[in-house]
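What's counted below: heavy atoms across the whole structure, side chains too, no hydrogens, waters or symmetry copies. Just so you know, ligand 1 is whichever comes first in the structure, and atom 1 is the first atom listed for that ligand.
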Amino acid sequence: MKIRVLGAGAGGGFPQWNCNCHNCKRLRAGELRGTRRTQSSIAVSSDGRNWLLFNASPDIRAQLEAFPESHPRTGVRDTGIKAILLIDSQIDHTTGLLMLRESTSPLEIYCSEMVKQDLTTGFPLFTMLEHYCKVSHHPVPLNGEAFTIPSIDDLRIYTHALKSKAPPYSPHRHDPHPGDNIGVIVEQISTGRKLYYAPGLGEIEPHVYGAMQAADCVLVDGTFWQHDEMSRAGICEKRALEMGHLPQSGEGGMIETLSTVPAGRKILIHINNTNPILDEDTPERKTLEQAGIEVAFDGMEITL
Ligand code: MLT
Ligand code: MN
Ligand code: ZN
């Protein structure tokens with residue numbers, strides 16, 4: 001299985017256009033050892049030719065341009081992206097659908113009924129796309145059941161509901177429903193190798209922990225180092241969990257959780273620009289290194 005990180009940043013990216021936080025300011029000034037990150041997306045393939053895109057970030061145009069395997073190969077219009085799976089309906093995971101409107105066939109989109117609802121009401125991208133390429137929606141199961149996707153059929157996909165958050169514009173932002181966010185297991189049928197992907201993860205429920213335990217690679221929520229990171233940075237009072245993100249540090253945090261996960265690769269993704277792990281010289285980054293946890297970056301390639 002091949003996994004390509006198209007964007008490893010959280011909403012806003014790194015640096016964020018209007019952000020003068022410790023990280024963004026120093027990155028712009030060339031005073032931080034670390035790299036820029038576009039917004040949250042990966043692509044997965046079993047043959048290196050046909051790709052399943054996870055999420056469609058606002059940065060998708062540049063992300064695909066920098067990803068030659070997705071480029072057209074035959075005919076006047078073509079793409080290596082055969083289908084799109086949305087893990088939630090957040091702006092950073094869906095806005096890029098508008099940039100795919102030139103598609104010559106309906107976009108094959110796999111997502112929950114909840115996400116479809118958001119994308120036809122609060123943020124009606126599906127409705128808008130009816131005037132362009134159209135959308136062919138495939139509902140995903142929420143009970144961990146498996147499915148396959150035509151033309152990427154050596155991958156078996158399992159999806160389950162997660163505790164995280166629906167976006168602020170969702171009709172059920174304050175009334176959580178199963179399917180507002182999902183975690184995904186991707187198994188390559190011919191090799192049995194497994195990826196677990198959950199960039200927005202608020203709680204390690206037993207089924208989530210089980211999926212992490214069984215994976216060869218976990219690619220999980222790396223948004224915040226600590227609960228009160230946004231208020232410490234002087235940005236806002238929202239705490240990590242209120243935004244649906246389990247922080248890395250502290251009791252029951254992501255580092256502690258991953259310490260009992262046997263996966264060969266443990267990687268954090270969807271990293272907010274305030275997070276000290278973006279700076280390769282911080283003690284927080286050292287802590288991750290000592291724990292065998294990697295930090296995803298744009299262009300990262302993982303072969304399983
Ligand atoms: C989140 O996951 O909480 C988002 O990155 C927020 C956003 O896109 O504004
Ligand atoms: Mn996000
Ligand atoms: Zn910042």
Side-chain angles (χ1 to χ4, degrees), residues 5-32 34-42 53-60 63 85-98 111 114-115 118-119 122-123 125 162-170 172-174 176 180-184 197-203 219-248 254 268-279 282 284 296 298:
V5 175
L6 300 179
F14 178 49
Q16 179 176 310
W17 69 284
N18 63 347
C19 192
N20 211 14
C21 77
H22 191 58
N23 280 345
C24 290
K25 180 164 53 186
R26 287 182 307 131
L27 185 79
R28 287 192 195 97
E31 291 165 3
L32 176 148
T35 56
R36 298 171 174 270
R37 280 162 174 87
T38 60
Q39 293 165 87
S40 181
S41 177
I42 66 169
L53 179 69
F54 286 75
N55 304 319
S57 120
D59 302 312
I60 193 166
Q63 291 174 342
L85 193 154
L86 303 174
I87 64 112
D88 60 29
S89 55
Q90 296 268 8
I91 286 179
D92 57 342
H93 286 154
T94 59
T95 308
L97 293 175
L98 291 177
C111 68
M114 281 301 133
V115 167
D118 286 346
L119 297 181
F123 189 25
L125 294 180
L162 293 182
K163 291 227 165 76
S164 189
K165 275 281 178 181
Y169 57 75
S170 169
H172 43 271
R173 165 76 165 178
H174 301 292
D180 287 338
N181 308 82
I182 58 169
V184 189
Y197 177 59
L201 184 53
E203 191 179 321
L219 197 48
V220 288
D221 194 328
T223 313
F224 296 117
W225 179 260
Q226 52 198 346
H227 283 293
D228 56 353
E229 190 165 312
M230 295 293 265
S231 67
R232 278 170 186 259
I235 295 168
C236 69
E237 289 307 312
K238 275 193 212 153
R239 291 175 69 82
L241 282 178
E242 268 172 71
M243 300 175 72
H245 301 295
L246 179 73
Q248 282 107 59
M254 195 61 88
L268 298 175
I269 193 160
H270 188 277
I271 301 143
N272 196 57
N273 53 66
T274 49
N275 194 327
I277 65 175
L278 289 168
D279 179 339
T282 55
E284 290 85 353
D298 290 20

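- Of the N or O atoms in Gly11, one or more lie within a sub-3.5 Å distance of an N or O in ligand 1.
- Look at His93 and the Mn ion (ligand 2): no N/O/S atom of the residue is under 2.8 Å from the metal.
- Residue side and main chain included, Asp92 places an N/O/S atom under 2.8 Å of the Mn ion (ligand 2).
- Between Leu125 and Leu98 the shortest side-chain heavy-atom distance falls below 4.5 Å.
- For the ligand labelled ligand 1, residue His270 lies inside the 4.0 Å heavy-atom shell.
- Using a 4.0 Å cut-off between heavy atoms, Lys165 makes no contact with ligand 1 at all.
- The nearest protein atom to atom 6 (C) of ligand 1, hydrogens excluded, is given as Gln90 OE1, 4.0 Å; this is a heavy-atom distance.
- For atom 9 (O) of ligand 1, no protein non-hydrogen atom is found at a distance below 4.0 Å.
- Here the straight-line distance linking atom CZ of Arg37 with atom CG of Asn275 works out to 9.5 Å at 0.5 Å rounding.
- Taking OH from Tyr197 and CD1 from Ile42, the interatomic distance works out to 5.0 Å, rounded to the nearest 0.5 Å.
- Separating the CG atom in Asn273 from the NE2 atom in His22 is a distance of 13.0 Å, to the nearest 0.5 Å.
- Classification of the His270-His93 ring pair by plane angle, with boundaries at 30° and 60°, yields tilted.
- Rounded to the nearest 0.5 Å, atoms CG (Leu86) and CG (Asn181) are 12.0 Å apart.
- Of the listed residues (His93, Lys238, His245), the one carrying the non-hydrogen atom nearest atom 1 (C) of ligand 1 is His245.
- Remark: at the Zn ion (ligand 3), atom SG from Cys24 and atom SG from Cys19 enclose 120°, rounded to the nearest 10 degrees.
- To the nearest 0.5 angstrom, Met243 atom CE is 6.0 Å from Cys236 atom SG.
- Distance check for Asn273 against the Zn ion (ligand 3): an N/O/S atom falls below 2.8 Å.
- For Ser40 and Asp92, the side-chain atoms include no donor-acceptor pair closer than 3.5 Å.
- Among all non-hydrogen protein atoms, the one lying nearest atom 4 (C) of ligand 1 is Asp92 OD2, 3.8 Å.
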